[in-house]
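We count ligands from 1, going down the list as the structure has it; atoms in each ligand are counted the same way. Basis for what follows: all heavy atoms, side chains included, without hydrogens, waters or symmetry-related copies.
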Amino acid sequence: MIKTNSIPKFSTGLNPIKATFNQRKRFRHKRALEGNHPIWTSAYVADDPIPERITMQDFGYPESDLARHDGRLDDTAVVTPIRLFTEEGSRLLSRVCKHLEKHAVESDFIISRRTRGGDLISPFLYNMLRDRQLLVRMSKIAGVPLLPHVVRDAAVQINYYSPESGPSKEIGKWHVDGMEYVFTILMTDPSEFTGGQFGYYFGRQDEFDNSTSREDRVKVAPLERLGDGIFARGAHIYHGVSPVESGSRMVLTLSMMSPAFVQRDPNTFSHIAADDGIIHTIPNWLRLKWPTHNPFRDYALRSGSPVITWNDIN
Ligand SMILES: O=C(O)CCC(=O)C(=O)O
Ligand SMILES: [Fe+2]
């Protein structure tokens with residue numbers, strides 16, 4: 001016979017698990033797709049010329065460090081200013097981003113305030129990110145086939161910066177991203193805020209880490225209109241946002257993966273789990289790491305997107 005008080009108390013022992021389930025329920029409820037948005041169409045994908053790219057070699061990475069697939073080098077580092085969306089598309093997108101501000105959470109890690117998993121809340125964003133035309137355009141800019149990242153909550157994030165909303169200045173600290181292929185799109189017209197410039201360090205990651213005078217190598221992304229953006233290899237290139245001094249600033253980030261280079265995906269389990277919790281991270285992790293027969297097809301299935309291959313960006 002077992003004495004009852006020799007066994008840890010039921011409610012205590014199961015508390016963490018219970019909490020995880022509760023959290024999951026709240027999460028689902030909050031993230032239920034909201035219908036009250038404009039309707040996405042492919043007509044909102046821009047076809048402006050793509051500016052000249054800056055390569056990883058320009059940033060100081062030797063070619064021998066870069067990945068190849070089918071003889072193609074993964075060497076695009078930065079492209080800016082880019083336009084992914086037409087003017088009308090950008091305006092509607094900005095409205096959707098504003099609408100999702102109520103889902104934003106605060107953090108003192110890197111970005112002060114942001115909404116994660118935007119495409120899991122908004123049908124507009126969901127359909128946008130899985131639009132074949134948009135994916136082909138993004139892939140052409142990056143020079144590699146891209147799909148929405150299978151770590152779902154990180155794929156669409158919206159950052160909000162407004163000095164009026166709190167006692168502390170809302171910022172984006174200097175950082176490298178967990179994700180490698182990142183599009184950062186300005187969702188506020190620059191006439192509506194001061195400060196809030198996107199800067200990146202024109203050098204290798206280790207040079208930034210070991211350097212004492214970085215200023216002379218910092219470049220400011222030329223984002224001059226609502227909808228202007230920068231593509232950058234987020235996991236390699238240090239970047240940050242200067243404090244917003246007046247007005248407010250909103251930015252959309254789209255984090256992508258390349259099925260061609262998935263073995264180089266820089267995400268770690270612990271990095272994702274720190275944001276999303278362990279339970280929620282397991283299915284995302286399996287989507288990323290479970291072996292594939294054909295990575296282009298299988299990752300498209302896992303991210304609910306069309307198949308994009310090298311043929312699409314020739
Ligand atoms: O807000 C910005 O301009 C930068 C955002 C960023 O770097 C990020 O979300 O990781
Ligand atoms: Fe970032």
Exercise. Can the positive tip of Arg264 be found less than 6.0 Å from the middle of the six-membered ring of Phe261, inside 45° of the ring normal?
Worked result: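 Judged by the rule (NZ or CZ under 6.0 Å from the ring centre, within 45° of its axis), Arg264 is not positioned above Phe261.
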Problem set entry | Arg217 to Phe202 six-membered ring, cation-pi geometry met (6.0 Å, 45°) |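 No.
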Element-labelled atoms of ligand 1 that are located less than 4.0 Å from some non-hydrogen atom of [X]:
{"X": "Val241", "result": "1 (O), 2 (C), 3 (O), 4 (C)"}
{"X": "His175", "result": "6 (C), 7 (O), 8 (C), 10 (O)"}
{"X": "Thr253", "result": "9 (O)"}

Problem set entry | N or O contact, Arg249 vs ligand 1, cut-off under 3.5 Å |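 Yes - when backbone and side-chain N and O of Arg249 are compared with those of ligand 1, one distance drops under 3.5 Å.
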Exercise. For Asp177 and ligand 1, does the shortest N/O to N/O distance drop below 3.5 Å?
Worked result: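 Yes.
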Problem set entry | With the Fe ion (ligand 2) as the apex, the NE2/OD1 angle for His239 and Asp177 - to 10° |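 About 100°, to the nearest ten degrees.
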Exercise. Thr55 and Asp75: side-chain hydrogen bond (donor to acceptor under 3.5 Å, both in side chains), yes or no, with the steps?
Worked result: CA-CA 6 Å; Thr55 65; Asp75 65 345; 5.5 Å; no
For this session: For a ring pair (Phe, Tyr, Trp, His ring centres under 6.0 Å) with Tyr201, tell me which candidate from Trp174, Tyr238, Phe208 qualifies.
Result: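 The residue from Trp174, Tyr238, Phe208 that satisfies ring pair (Phe, Tyr, Trp, His ring centres under 6.0 Å) with Tyr201 turns out to be Phe208.
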Exercise. Backbone N or O of Arg297 within a donor-acceptor pair of the Asn294 side chain at under 3.5 Å?
Worked result: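 The answer is yes, because a donor-acceptor pair under 3.5 Å joins these two groups.
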For this session: Look at atom 5 (C) of ligand 1 and say which protein heavy atom is nearest, naming residue and atom and giving the distance to 0.1 Å.
Result: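 Of the protein heavy atoms, Asn159 ND2, 3.1 Å lies nearest.
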For this session: List the closest protein heavy-atom neighbour of atom 1 (O) of ligand 1: residue, atom name, distance to the nearest 0.1 Å.
Result: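 Checked against all protein heavy atoms, atom 1 (O) of ligand 1 sits closest to Tyr161 OH, 2.5 Å.
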Problem set entry | Lys219 NZ: over 12 foreign heavy atoms closer than 6.0 Å |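 Result for NZ/Lys219: open.
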Exercise. Do Tyr126 and Leu301 belong together in a cluster built from hydrophobic side chains that touch within less than 4.5 Å?
Worked result: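 Result: no, two separate clusters.
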Exercise. Among the heavy atoms of His239, does any lie under 4.0 Å from an atom of ligand 1?
Worked result: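 Distance cut 4.0 Å: His239 passes for ligand 1.
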